[in-house]
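We name chains A, B, ... by the order of the sequence lines, and we start the count at 1 in each one.
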2 protein chains.
Amino acid sequence: MATGRTHRPATRSRGIPEATVARLPLYLRALTALSERSVPTVSSEELAAAAGVNSAKLRKDFSYLGSYGTRGVGYDVEYLVYQISRELGLTQDWPVVIVGIGNLGAALANYGGFASRGFRVAALIDADPSMTGKPVAGIPVQHTDDLETIIEENGVSIGVIATPAGAAQQVCDRLVAAGVTSILNFAPTVLSVPDGVDVRKVDLSIELQILAFHEQRKAGEETTGDGTVDTAPPAAPPAATVRRTDGTDSGPDGDVPAVMPA
Amino acid sequence: MATGRTHRPATRSRGIPEATVARLPLYLRALTALSERSVPTVSSEELAAAAGVNSAKLRKDFSYLGSYGTRGVGYDVEYLVYQISRELGLTQDWPVVIVGIGNLGAALANYGGFASRGFRVAALIDADPSMTGKPVAGIPVQHTDDLETIIEENGVSIGVIATPAGAAQQVCDRLVAAGVTSILNFAPTVLSVPDGVDVRKVDLSIELQILAFHEQRKAGEETTGDGTVDTAPPAAPPAATVRRTDGTDSGPDGDVPAVMPA
DNA sequence: CCATCTTTGTGCACACGTTCACAAAGGCAT
DNA sequence: ATGCCTTTGTGAACGTGTGCACAAAGATGG
């Protein structure tokens with residue numbers, strides 16, 4: 001009913017910028033690799049290179065967490081691993097349920113990255129009765145009917161949706177009603193959720209389309225005949241006069257001017 | 001001072017903001033759904049609701065493409081579908097290769113979202129010889145040895161990496177050398193690529209960690225925050241005299257951690 | 001103890017993205 | 001036609017993110 005507003009003032013004086021939060025896992029991964037090689041300290045320059053970011057950005061990011069570095073030396077790897085882990089909430093265990101055990105859901109269940117940090121697959125749930133009891137990644141699939149019970153008994157607050165698009169909103173509603181407050185959505189649909197529930201979306205199709213846009217730009221726009229122009233000709237413009245802000249109109253196609261890429 | 005840095009504004013060129021490009025697929029999906037229901041026109045308000053964004057943002061996004069709406073009426077659905085498709089480069093066919101046919105790679109190959117819009121799985125590639133020839137999603141897996149040939153013969157410019165982290169950079173280098181200029185990376189590693197190559201990353205672990213951060217924050221708001229109830233004891237504070245281990249200098253790139261399971 | 005060198009932490013300026021608010025544009029009824 | 005009503009397109013204000021550049025902080029060596 002209500003449009004899901006993820007809007008949230010948040011970010012008080014103590015709040016960490018969202019962009020920084022999104023990079024913390026990146027730093028953590030690089031630091032973990034250093035830790036496994038028993039590297040005691042690391043400079044912002046080195047760590048930034050490993051994480052693929054600017055060193056100034058990294059230092060500013062860390063400044064939001066506190067002053068954990070030592071000037072002239074760098075950062076203590078173990079200490080920083082702990083601080084970031086704590087900030088991200090990875091020092092506790094997060095039970096997770098995966099709903100929709102198709103190709104993708106099964107792949108997610110088998111993905112080692114889940115268990116590696118604080119996340120534990122508490123249950124696999126699918127609507128297909130023939131799947132019930134069948135083990136996937138060593139965990140027996142349970143039926144959707146028991147969704148609410150599973151959530152409550154395991155204290156699950158993070159749910160992963162890997163169902164077809166048509167079922168996603170319904171599953172989402174049930175998850176939220178049962179107490180889930182964070183959702184990772186793999187279904188190609190926009191989910192509406194009440195305030196206080198976080199949704200993150202992973203959409204393969206969208207990522208590819210973004211790449212295609214840049215790819216097209218790189219290829220230069222003049223030669224359209226490179227591939228197969230299999231799509232229908234341009235649809236009829238709206239009934240009224242088509243107005244263009246661009247004066248260089250030379251026809252239905254070829255109006256995107258070439259722009260120097262980088 | 002007086003460095004006279006020649007930073008040309010250039011923002012007024014025909015470049016579409018990156019944030020807008022990232023939303024175009026979202027609009028396109030909503031429009032396609034409307035098209036299938038034979039809805040002739042749609043207002044910015046309605047479409048924005050369907051796409052889960054602000055209507056002002058949507059109108060501004062569309063304004064970068066041109067004036068395709070009709071005041072007092074809205075947007076012609078079919079026309080807009082075509083315009084966005086063209087802008088995203090979806091009016092042509094994009095052959096894609098998937099490298100690394102494990103759990104995730106197989107799931108990606110089976111994912112219907114690929115074929116739905118302009119993207120065609122041209123080949124599946126895996127390093128395991130026992131996989132070679134085995135059909136996945138109706139396509140026989142080919143061996144990594146033939147990677148370069150496959151890329152060139154099919155004119156592939158978009159590659160999907162679903163290998164373990166340890167192999168990702170090597171695969172990436174070969175893809176780029178063979179002519180791929182856009183990469184969608186599912187391996188939990190930072191890829192380095194030359195200029196002109198686009199990389200987009202999809203990382204399940206990172207998404208979960210971001211959710212965990214917000215989840216922890218929500219839990220802390222209720223219970224007086226502070227949250228010192230965690231498990232592991234804090235690591236030692238930054239040690240004073242830490243001497244740099246100089247012998248382990250491995251150059252600018254300290255990669256190849258190889259910490260991913262299958 | 002002092003000089004020097006390295007590296008952090010951050011003020012500042014700029015670029016990018018979002019939202020508001022409203023004039024202009026067009027349809028529609030009379 | 002004319003006037004009203006709806007909705008777009010966009011200028012401007014505001015907020016967020018990024019990168020430079022440098023002073024402060026601490027280590028290191030004499």
Side-chain angles (χ1 to χ4, degrees), chain A residues 5-13 15-24 27 40-49 51-76 79-80 83 237-246, chain B residues 1-3 5-13 15-24 27 40-49 51-76 79-80 83 237-244 246:
Chain A
R5 291 188 60 197
T6 319
H7 166 259
R8 192 182 173 200
T11 49
R12 288 279 182 177
S13 56
I16 298 175
E18 191 59 33
T20 295
V21 173
R23 280 188 293 266
L24 289 182
Y27 303 144
T41 61
V42 66
S43 72
S44 64
E45 204 71 47
E46 292 167 324
L47 185 54
V53 302
N54 187 299
S55 71
K57 193 186 294 185
L58 179 142
R59 288 198 301 275
K60 181 147 291 193
D61 283 342
F62 285 174
S63 77
Y64 293 117
L65 309 184
S67 291
Y68 294 140
T70 304
R71 294 174 192 233
V73 176
Y75 299 92
D76 182 276
Y79 190 59
L80 202 48
Q83 291 298 342
T241 52
V242 176
R243 191 174 56 84
R244 282 304 204 66
T245 55
D246 185 12
Chain B
M1 64 187 71
T3 48
R5 191 187 180 89
T6 59
H7 58 289
R8 184 177 297 270
T11 47
R12 208 46 182 159
S13 71
I16 298 176
E18 191 57 35
T20 295
V21 173
R23 281 188 293 267
L24 289 181
Y27 303 145
T41 62
V42 65
S43 71
S44 64
E45 204 72 47
E46 292 167 324
L47 186 54
V53 301
N54 188 297
S55 71
K57 192 186 294 184
L58 179 142
R59 286 198 301 275
K60 178 142 290 198
D61 284 341
F62 285 176
S63 78
Y64 293 115
L65 308 185
S67 291
Y68 294 142
T70 305
R71 297 175 191 230
V73 175
Y75 299 92
D76 183 275
Y79 189 59
L80 202 47
Q83 290 299 342
T241 50
V242 177
R243 204 154 45 84
R244 290 281 294 277
D246 196 42

TODO: Only counting residues at least two apart or in another chain, list the ones meeting salt bridge (charged side-chain N to carboxylate O under 4.0 Å, His left out) with A:Arg23.
DONE: A:Asp61
Open item on the list: Minimum heavy-atom separation for A:Leu47 and A:Tyr27, please, with both atom names.
Closed with: CD1-O, 4.4 Å
TODO: Find the distance B:Asn54:CG to C:dA21:P and express it as a whole number of Å.
DONE: 12 Å
TODO: Provide, to the nearest angstrom, the distance between the CG atom belonging to B:Leu58 and the C1' atom belonging to D:dT7.
DONE: 12 Å
Open item on the list: Once side chain to side chain donor-acceptor pair (under 3.5 Å) is applied, do any residues pair with B:Thr41, and if so which ones, sequence neighbours excluded?
Closed with: none
Task: Results of side chain to side chain contact (heavy atoms under 4.5 Å, CB included) for B:Pro40 - residues two or more places apart only - done: none
Task: Rounded interatomic separation in angstrom, taking CD1 from B:Ile16 and C1' from C:dG17 - done: 15 Å
- [ ] With sequence neighbours left out, write down each residue that passes side chain to side chain contact (heavy atoms under 4.5 Å, CB included) with A:Ser55, or none if nothing qualifies.
- [x] A:Ser44, A:Glu45, A:Ala48, A:Arg59
List every contact pair, protein side and nucleotides 8-12 of chain C side both N or O, where the distance is under 3.5 Å.
unit_1, atom_1, unit_2, atom_2, d
C:dT8, OP1, A:Ser44, N, 2.5
C:dT8, OP2, A:Ser44, OG, 2.5
C:dT8, O2, A:Arg71, NH1, 2.8
C:dG9, OP1, A:Gly69, N, 3.1
C:dG9, OP2, A:Tyr75, OH, 2.7
C:dG9, O4', A:Arg71, NH2, 3.0
C:dG9, N7, A:Arg59, NE, 2.9
C:dG9, O6, A:Arg59, NH2, 3.2
C:dG11, O6, A:Lys60, NZ, 3.2
C:dC12, N4, A:Lys60, NZ, 3.2

- [ ] Please identify each residue that fulfils ring-ring contact (aromatic ring centres under 6.0 Å, His included) with B:Tyr75, with sequence neighbours left out.
- [x] B:Phe62
Open item on the list: Measure CG/B:Leu80 against P/D:dT7 and give the value in whole Å, please.
Closed with: 16 Å
Open item on the list: How many whole angstroms separate atom CZ of B:Arg23 from atom P of C:dC16?
Closed with: 15 Å
Open item on the list: Can you measure A:Asp76 atom CG to D:dG26 atom C1' for me and round it to whole angstrom units?
Closed with: 15 Å
